[in-house]
Amino acid sequence: MKGYIEKIRRKIRLFPPRKEGQSGEEYARQRALLGLKYGVFALTAFAILRGMLVVAGENVTVSNSVDGRELPIYCVDTPEKKIALSFDAAWGNEDTAKILEILKKHDIHVTFFMTGGWVESYPDDVKAILAAGHDLGNHSENHKNMSQLSDEEKKEELMKVHTKVQELTGYEMFLFRPPYGDYDNAVVNVAKDCGYFTIQWDVDSLDWKDYGVDSIIKTVTQHKHLGNGSIILCHNGAKYTAQALDTLIATLKNEGYTFVPISELIYREGYHMNHEGRQVKN
């Protein structure tokens, strides 16, 4: 065993053996120089390794990728019984004031996703939404299918309305809902590069189908996906939404749910997505 250990020592020897006729002083100087070189090498290697670990840590802190797909946020994993109500504002505006009154009555805050055209047409309503404490969200400039656009066109669709809202209110939007729910990897990545979280929904009220007040209430309150962290989709211009809203909110409150705007529901950092688009805290 001793012979084997000695062989291993010789193989991993850091310093060469003392040469015949070499003085002790010369050999010590040689070992010192080699030691300095080894030390510099070790420190450099450590710094590189540490940098790699830090970068790797940063890369996994926030991830929207699942099996090679970039996913928007459909809902949020949370132990709290809180949900987010959202309204897409792309065309009509007849019921916005009424919706704001009902939200104020119930003392809840929601998120409005607005197109550039809607912002231009109803600037006072944009200001009123913000003044009431609600989120302003980006719904693109022209309500196009984002996945069919070039990356440059995607960016233009986002930043045109972003600039309009910023100049109008001073508010910097950071929540984006793709029109028609249409997205691909590039849509999510371009939005991220523009400083946006891409937001979908896991509960569709189907208010846009104009089935009636009772249909909206039943569709939401009995939805199979409704639960902690759900994001509910409504439209401010749908025919029966304003009429259904008061009962809808009251029913969900009675079931123990608390309403928060999407900006307060989602995680801004330290998260990953699961296969169903649920945002999970790391």
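In this chain, residues are counted from 1 in sequence order. Note that this is a predicted model, so its numbers are computed, not measured.
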Assess the side chains of Asp125 and Thr96: does a donor N or O sit below 3.5 Å from an acceptor N or O? no

Got a second to check how far Leu85's CG is from Ser230's OG, nearest 0.5 Å? 11.5 Å

With distance as the sole criterion, is a donor-acceptor pair present between the side chains of Thr111 and Asp135 under 3.5 Å? yes

Using salt bridge (charged side-chain N to carboxylate O under 4.0 Å, His left out) as the criterion, list what pairs up with Glu255, not counting sequence neighbours. none

Any donor and acceptor pair, going by atom type alone, linking the side chain of Glu141 with main-chain N or O of Met159 inside 3.5 Å? no

Testing His143, His139, His235 for ring-ring contact (aromatic ring centres under 6.0 Å, His included) with Trp91, which one passes? His143

Please check if atom CD in Glu269 has more than 12 non-hydrogen atoms from other residues, nucleotides or ligands closer than 6.0 Å. no

Quick check against the 3.5 Å criterion: does Asp202 have a side-chain atom that pairs as donor or acceptor with the backbone of Ile231? yes

Working to the nearest 0.5 Å, report the span between NZ of Lys239 and CG of Asp207. 13.0 Å

Just say parallel, tilted or perpendicular for the rings of Tyr74 and Tyr183, cut-offs at 30° and 60°. perpendicular

Got a sec: does the OH of Tyr211 have more than 12 other heavy atoms crowding it under 6.0 Å? no

Short side-chain donor-acceptor distance under 3.5 Å, Asn282 and His272: yes

Is the shortest side-chain N to carboxylate O distance from Lys154 to Asp151 below 4.0 Å? yes

Does any donor atom in the side chain of Asn228 or Thr78 lie under 3.5 Å from an acceptor atom in the other side chain? no

Electrostatic pair Lys82:Glu264 at N-O distance under 4.0 angstrom: no

Are Tyr196 and Phe174 close enough that their ring centers fall under 6.0 Å? no

Hey, are Glu153 and Ser150 close enough side-chain-wise for a donor-acceptor pair under 3.5 Å? yes

Hydrogens and angles aside, do His106 and Asp246 bring a side-chain donor and acceptor to less than 3.5 Å of each other? yes

Distance only, no hydrogens: is a donor on one side chain within 3.5 Å (strictly under) of an acceptor on the other, for His225 and Glu276? no

